[in-house]
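Order of the sequence lines sets the chain letters (A, B, ...), proteins ahead of strands, with each chain counted from 1.
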Protein chains: 2
Amino acid sequence: MSHTREDVIAAAGRMFAAKGYHGTSMRDLGRELGLLGSSLYSHVGGKQELLVEVVARGAKLFQAAADRALATEGTAADRLRALIAGHVDVVLDHRDEVRTFLNEARSLDAEARAAVVEARDRYEEAFRTVLREGIEDGSFRPEVDPVVDGIFVLSILNAIERWYDVSGPVDRSELVARLHRFVLGGLAGGG
Amino acid sequence: MSHTREDVIAAAGRMFAAKGYHGTSMRDLGRELGLLGSSLYSHVGGKQELLVEVVARGAKLFQAAADRALATEGTAADRLRALIAGHVDVVLDHRDEVRTFLNEARSLDAEARAAVVEARDRYEEAFRTVLREGIEDGSFRPEVDPVVDGIFVLSILNAIERWYDVSGPVDRSELVARLHRFVLGGLAGGG
DNA sequence: GGGAGACAAACGAACGTTCGTTTGTTATCA
DNA sequence: TGATAACAAACGAACGTTCGTTTGTCTCCC
């Protein structure tokens with residue numbers, strides 16, 4: 001029973017998400033797969049490369065979800081609802097990559113970290129765009145700031161990974177419904 | 001010119017906030033103070049003790065702010081506004097301790113980490129209490145869930161440290177005003 | 001069909017480095 | 001003079017990584 005490069009990357013995602021990049025040694029990672037740390041170098045160039053691979057997968061998942069949501073027909077509010085639902089799906093279905101993407105990017109070397117910053121900005125731009133549309137068509141308050149209020153929305157979404165318990169009392173659809181009410185209320189309400 | 005224990009803890013707060021606990025060595029920390037790493041042991045028991053001290057200061061600051069805000073006269077909405085403004089003050093005035101408290105607690109050993117979890121829960125309970133009061137007196141929607149929506153509010157607040165730029169275009173009072181509108185809209189609005 | 005050669009996967013030991021920490025000594029100042 | 005602060009050197013452990021070697025599997029040719 002042999003291991004593939006993808007096995008190693010998946011295990012790295014699990015370990016980095018649970019213990020952090022610096023908290024995970026190559027020997028830990030090997031043990032997770034029933035191997036020695038040194039054996040991982042048959043599949044992978046090094047530890048940093050593993051982090052790059054996991055983070056890249058996280059970035060790609062978010063971007064794909066945003067592209068899908070932006071193609072939604074209907075009002076700006078509809079597209080924002082789609083962005084939120086898509087974000088929740090990514091977080092809950094790919095938790096390890098998401099955690100690593102959100103929390104371990106600072107352990108990347110300069111070049112790879114710059115790519116993450118750019119990917120994150122492109123993703124956030126999707127939210128800013130929808131907010132601008134919603135302000136224009138009157139769905140949202142005119143004093144809404146696409147940048148600042150966009151950050152508020154993303155702050156809530158990016159935190160889900162830290163507290164949400166899949167086997168807890170709140171199921172996925174209730175989570176999305178509560179997010180929709182809170183966020184759209186925050187943007188439209190009389191505050 | 002001699003250094004005090006408090007100097008070392010303050011420098012540790014700065015370094016842990018900037019580079020993380022694992023990303024900061026005792027030699028780095030000594031250099032920050034013009035000392036050797038080994039010289040720090042004249043003032044402090046060890047690296048882990050430094051983290052405990054910094055995190056404890058962060059926890060204390062948040063709790064004191066919550067106690068003050070809860071003593072505010074007026075409606076539940078007034079007290080929530082006070083909680084938010086108090087949180088912003090703590091974050092902006094004690095950024096290093098806050099960053100360390102929020103991001104580096106996972107590097108604490110089990111005992112100290114348990115204390116952090118408890119402190120955080122006590123702080124969040126202040127928000128849940130105000131939310132319950134606001135639901136009861138009709139300020140907030142009856143479907144508001146004190147736990148889940150409380151997490152939403154705290155997600156926004158805890159993220160401020162990550163993006164807010166003191167010398168940027170948004171000053172403190174505008175930040176607080178935008179937080180108030182967004183959060184109270186999210187809890188009261190028609191969604 | 002069966003041995004020879006090629007290949008990838010994994011091992012186990014060792015490398016150089018960095019880490020947190022300890023120890024013993026020196027200098028400073030009340 | 002005696003405590004305090006800082007230094008300098010060293011410790012053992014852990015780290016990421018490299019190396020030479022072994023093991024198992026697949027392919028090709030006789």
Whole-Å distance between [N] [atom2] and [X] [atom1]?
{"X": "B:His3", "N": "C:dT28", "atom1": "NE2", "atom2": "C1'", "answer": "15 Å"}
{"X": "B:Leu33", "N": "D:dC7", "atom1": "CG", "atom2": "P", "answer": "11 Å"}
{"X": "A:Leu36", "N": "C:dA13", "atom1": "CG", "atom2": "P", "answer": "10 Å"}
{"X": "A:Arg27", "N": "C:dA10", "atom1": "CZ", "atom2": "C1'", "answer": "15 Å"}
{"X": "B:His22", "N": "C:dG20", "atom1": "NE2", "atom2": "P", "answer": "10 Å"}
{"X": "B:Lys47", "N": "C:dC19", "atom1": "NZ", "atom2": "P", "answer": "8 Å"}
{"X": "B:Met26", "N": "D:dC11", "atom1": "CE", "atom2": "C1'", "answer": "16 Å"}
{"X": "A:Tyr41", "N": "D:dG20", "atom1": "OH", "atom2": "C1'", "answer": "17 Å"}

_A:Asp121 (side chain) donor-acceptor with A:Glu118 (main chain) under 3.5 angstrom_ =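 No; judged by distance alone, with no hydrogens or angles, the pair does not exist.
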Give [X] one of three labels, base, sugar-phosphate or nothing, depending on what nucleic acid heavy atoms sit under 4.0 Å from its own.
{"X": "A:Gly46", "value": "sugar-phosphate"}
{"X": "B:Thr24", "value": "sugar-phosphate"}
{"X": "A:Gly34", "value": "sugar-phosphate"}

*Answer yes or no: side-chain N or O of B:Ser38 and base N or O of D:dA6 forming a donor-acceptor pair under 3.5 Å.*
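A donor-acceptor contact between them is absent.
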_So for A:Ser25 and D:dA14, does any side-chain atom that can act as donor or acceptor lie under 3.5 Å from a complementary atom in the base?_
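When only heavy-atom distances are counted, A:Ser25 does not reach the base of D:dA14 through any donor-acceptor pair under 3.5 Å.
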Counting side-chain heavy atoms from C-beta on, which of [options] comes nearest to [X]?
{"X": "A:Leu35", "options": "C:dC11, C:dT21, D:dA6", "answer": "C:dC11"}
{"X": "B:Ser39", "options": "C:dA10, C:dT22, D:dC7", "answer": "D:dC7"}
{"X": "A:Ser42", "options": "D:dA8, C:dA10, C:dC11", "answer": "C:dA10"}

*OP1, OP2 of C:dA8 versus side-chain N and O of A:His43: anything below 4.0 Å?*
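Answer no for this pair, as no side-chain N or O of A:His43 is under 4.0 Å from OP1 or OP2.
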*Of all the heavy-atom pairs spanning B:Thr24 and B:Met15, show the shortest one and how long it is.*
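Looking at all heavy atoms of both residues, the closest pair is OG1-O, 3.4 Å.
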*Shortest non-hydrogen contact between A:Pro146 and A:Leu131, atoms and distance*: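 Heavy-atom minimum between the residues: O-CD2, 3.8 Å.
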*Taking the six-membered ring of B:Phe182 (Phe, Tyr or Trp), confirm whether the NZ or CZ of A:Arg141 is under 6.0 Å from its centre and within 45° of its axis.*
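Geometry flag: not set, cation outside 6.0 Å or 45°.
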_Cation over ring face, B:Arg106 and B:Tyr21, 6.0 Å, 45°_ =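 Judged by the rule (NZ or CZ under 6.0 Å from the ring centre, within 45° of its axis), B:Arg106 is not positioned above B:Tyr21.
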